[in-house]
Amino acid sequence: MTRAPRCWRSSTTWRLLDDGRTVREVLTYTRRGSRLDAKQQKAWDAYAEEWVIPDEAVDEQGFSLEAWFGRKAPLIVDIGGGVGEATAVLAANRPEANILALEVWRPGVAESLGRVGAAGATNVRFCSVDALWTLENIVAPESVREIWTFFPDPWHKTRHHKRRLVTPTNARMIAERLESGGTWRLATDWVQYAEQMVEVLDAEPLLSGGVVERWDERPVTKFERKGLAKDRVITDLLYRRR
């Protein structure tokens, strides 16, 4: 696919086509503030140069994820890791894998850098370009060992459901990135979204799986704690590429 410049506008973006026309696209997130506190700035200064892939780098000819990791290794993609609570723990337990963490919130990336550094994990690279665009344009089909999607924005209002990450179109593209036998793990504290996830992913021919017991390797994050405090049901799902 031919890459095109991306222009961020709140929760929508406009994509420039080869013929000069612009197409309005719906994003699965809204960008929040980018100001860093002292602790986050310290982590950014210590790790960003080596571990953060600049937005403009992905548009360069010959861009290579392996070059950013400095090695060829099984690839894991973490979609929307927030402040890195799960990312750091899981990455530290998988030193043999390359972890691509997709997070658009700059303070979250900075916080994640500090957590990953403290965990002694050197196998994570962060990218703040839209996750769906990155997966479609940067990540090759059948190249991903695992995908993690923990507590994605539920966009709970009906009129916003189109912004949810798990839709039939997105599920097909994401499933195509998994290698044969590769896994997609998801978790949500929103029952209605869990039901939609099951409906969509069960209908995707490339995937098989469903609701599973809580993944004991996944640490309890602030999002899960908030959900539990509000008596929400936490749903874990596991789907595998056929």
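Keep in mind that this is a model prediction, so the values were computed, not measured. Below, all heavy atoms of this structure are taken into account, side chains as well, without hydrogens, waters or symmetry copies.
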Peer 1: Would Asp189 and Glu224 satisfy side-chain contact (heavy atoms from CB on, under 4.5 Å), going step by step from the backbone distance to the final call?
Peer 2: CA-CA 7 Å; Asp189 64 341; Glu224 186 167 4; over 6 Å; no

Peer 1: So how far is it from Leu36 CG to Lys42 NZ, rounded to the nearest 0.5 Å?
Peer 2: 14.5 Å

Peer 1: Is a donor on one side and an acceptor on the other found under 3.5 Å between the side chain of Gln40 and the backbone of Asp37?
Peer 2: yes

Peer 1: Out of curiosity, Thr167 OG1 to Lys162 NZ, how far, rounded to the nearest 0.5 Å?
Peer 2: 12.5 Å

Peer 1: Can you tell me if Arg177 uses its side chain to pair, donor with acceptor, with the backbone of Glu142 under 3.5 Å?
Peer 2: no

Peer 1: So which heavy atom on Arg241 is nearest to which on Ala175, and how close?
Peer 2: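 Minimum heavy-atom contact is NH1-O, 3.0 Å.
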
Peer 1: Side-chain heavy atoms nearer than 4.5 Å, only ILVMFWY residues, links allowed to pass through others: does that put Trp133 and Phe63 together?
Peer 2: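 Cluster IDs for Trp133 and Phe63 match.
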
Peer 1: Taking Leu132 as the starting point, is it possible to reach Leu206 by hopping between hydrophobic residues whose side chains are less than 4.5 Å apart?
Peer 2: no

Peer 1: Honestly curious: do Val89 and Val109 fall in one hydrophobic cluster under the side-chain, below-4.5 Å linking rule?
Peer 2: no

Peer 1: What's the verdict on side-chain contact (heavy atoms from CB on, under 4.5 Å) for Gln41 and Asp45, showing C-alpha distance, side-chain angles and the deciding distance?
Peer 2: CA-CA 6 Å; Gln41 188 64 57; Asp45 293 342; 2.9 Å; yes

Peer 1: Looking only at heavy atoms, what is the nearest atom pair of Thr149 and Trp184, with distance?
Peer 2: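 Heavy atoms only, the tightest pair is OG1-NE1, 2.9 Å.
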
Peer 1: Is there a side-chain contact between Arg125 and Asn98 in this structure, where contact means two heavy atoms from C-beta onward sitting under 4.5 Å apart?
Peer 2: no

Peer 1: Is the shortest side-chain heavy-atom distance between Tyr239 and Ile174 below 4.5 Å?
Peer 2: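 Sidechains of Ile174 and Tyr239: no contact.
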
Peer 1: Got a donor-acceptor contact below 3.5 angstrom from the Glu146 side chain to the Arg185 backbone?
Peer 2: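 A pair under 3.5 Å: no.
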
Peer 1: Check whether Arg214 reaches the backbone of Asp236 with its side chain - one donor and one acceptor, N or O, closer than 3.5 Å.
Peer 2: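 Absent.
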
Peer 1: Is the shortest side-chain heavy-atom distance between Arg115 and Thr87 below 4.5 Å?
Peer 2: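 Side chain of Arg115 against side chain of Thr87, heavy atoms only: no contact under 4.5 Å found.
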
Peer 1: So does Glu199 have more than 12 non-hydrogen atoms from other groups sitting under 6.0 Å from CD?
Peer 2: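 No, not enclosed.
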
Peer 1: Cut-off 3.5 Å, side chains only: do Arg94 and Asn123 have a donor facing an acceptor?
Peer 2: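 Checked: Arg94/Asn123 side chains show no N/O donor-acceptor pair below 3.5 Å.
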
Peer 1: For a quick test of reading the model, state the closest non-hydrogen atom pair linking Ser128 to Val104 and the distance between them.
Peer 2: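 Reported closest heavy-atom pair: O-CG1, 3.5 Å.
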
Peer 1: From Ser112 OG over to Trp51 CH2, what is the distance, rounded to the nearest 0.5 angstrom?
Peer 2: 11.0 Å

Peer 1: Taking all non-hydrogen atoms of both residues into account, name the closest pair between Pro152 and Ala187 and its distance.
Peer 2: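 Scanning both residues, the minimum pair turns out to be CD-O, 3.4 Å.
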
Peer 1: Do Arg106 and Trp44 form a cation-pi contact, if we require the NZ or CZ to be under 6.0 Å from the six-membered ring centre and within 45 degrees of the ring's axis?
Peer 2: yes

Peer 1: What heavy-atom pair brings Ile76 and Ala97 nearest, and what distance separates the two atoms?
Peer 2: CD1-CB, 3.8 Å

Peer 1: Count I, L, V, M, F, W, Y as connected when their side-chain heavy atoms are under 4.5 Å apart, and connections chain through other members. Are Phe151 and Leu238 then in the same cluster?
Peer 2: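 No, Phe151 does not connect to Leu238 through the hydrophobic network.
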
Peer 1: Start with the C-alpha distance between Leu100 and Val139, add both sets of side-chain angles, then the distance that settles side-chain contact (heavy atoms from CB on, under 4.5 Å), and finish with yes or no.
Peer 2: CA-CA 10 Å; Leu100 177 62; Val139 177; 4.2 Å; yes

Peer 1: Yes or no on side-chain contact (heavy atoms from CB on, under 4.5 Å) for Ile147 and Leu178, after CA distance, side-chain angles and deciding distance?
Peer 2: CA-CA 8 Å; Ile147 295 174; Leu178 288 169; 3.8 Å; yes

Peer 1: Could you measure the distance from the OG atom of Ser180 to the CZ atom of Arg240? Nearest 0.5 Å is fine.
Peer 2: 10.0 Å

Peer 1: If I compare all heavy atoms of Tyr193 with all of Asp153, which pair ends up nearest, and what's the gap?
Peer 2: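 For Tyr193 versus Asp153, the nearest heavy atoms are CE2-O, 3.6 Å.
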
Peer 1: Can you check whether Val211 reaches Val198 side chain to side chain, under 4.5 Å on heavy atoms?
Peer 2: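 Counting from C-beta outward, Val211 and Val198 do come under 4.5 Å.
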
Peer 1: Donor-acceptor check, side chain of Arg218 to backbone of Ala86, threshold 3.5 angstrom: yes or no?
Peer 2: no

Peer 1: Do Val129 and Ile138 have side chains that get closer than 4.5 Å, going by heavy atoms?
Peer 2: no

Peer 1: What I'd like to find out is whether the side chain of Val166 reaches to under 4.5 Å of the side chain of Leu186, using heavy atoms alone.
Peer 2: yes

Peer 1: CH2 of Trp68 to CD1 of Ile53: how many Å apart, nearest 0.5 Å?
Peer 2: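 Between Trp68 CH2 and Ile53 CD1, I get 6.0 Å after rounding to 0.5 Å.
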
Peer 1: Fit a plane to each ring of Trp215 and Trp148, take the angle between them on a 0 to 90° scale, and name the class: parallel (under 30°), tilted (30 to 60°) or perpendicular (over 60°).
Peer 2: tilted

Peer 1: Using a 6.0 Å cut-off, check whether atom CD of Glu96 has over 12 heavy atoms from anything other than its own residue.
Peer 2: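 Yes - once you tally the heavy atoms of other residues, nucleotides and ligands closer than 6.0 Å, there are more than 12.
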
Peer 1: Between atom OG of Ser208 and atom CG of Asp202, what is the distance when rounded to the nearest 0.5 Å?
Peer 2: 9.5 Å

Peer 1: Pairing donors with acceptors under 3.5 angstrom, does anything connect the side chains of Gln192 and Trp190?
Peer 2: yes

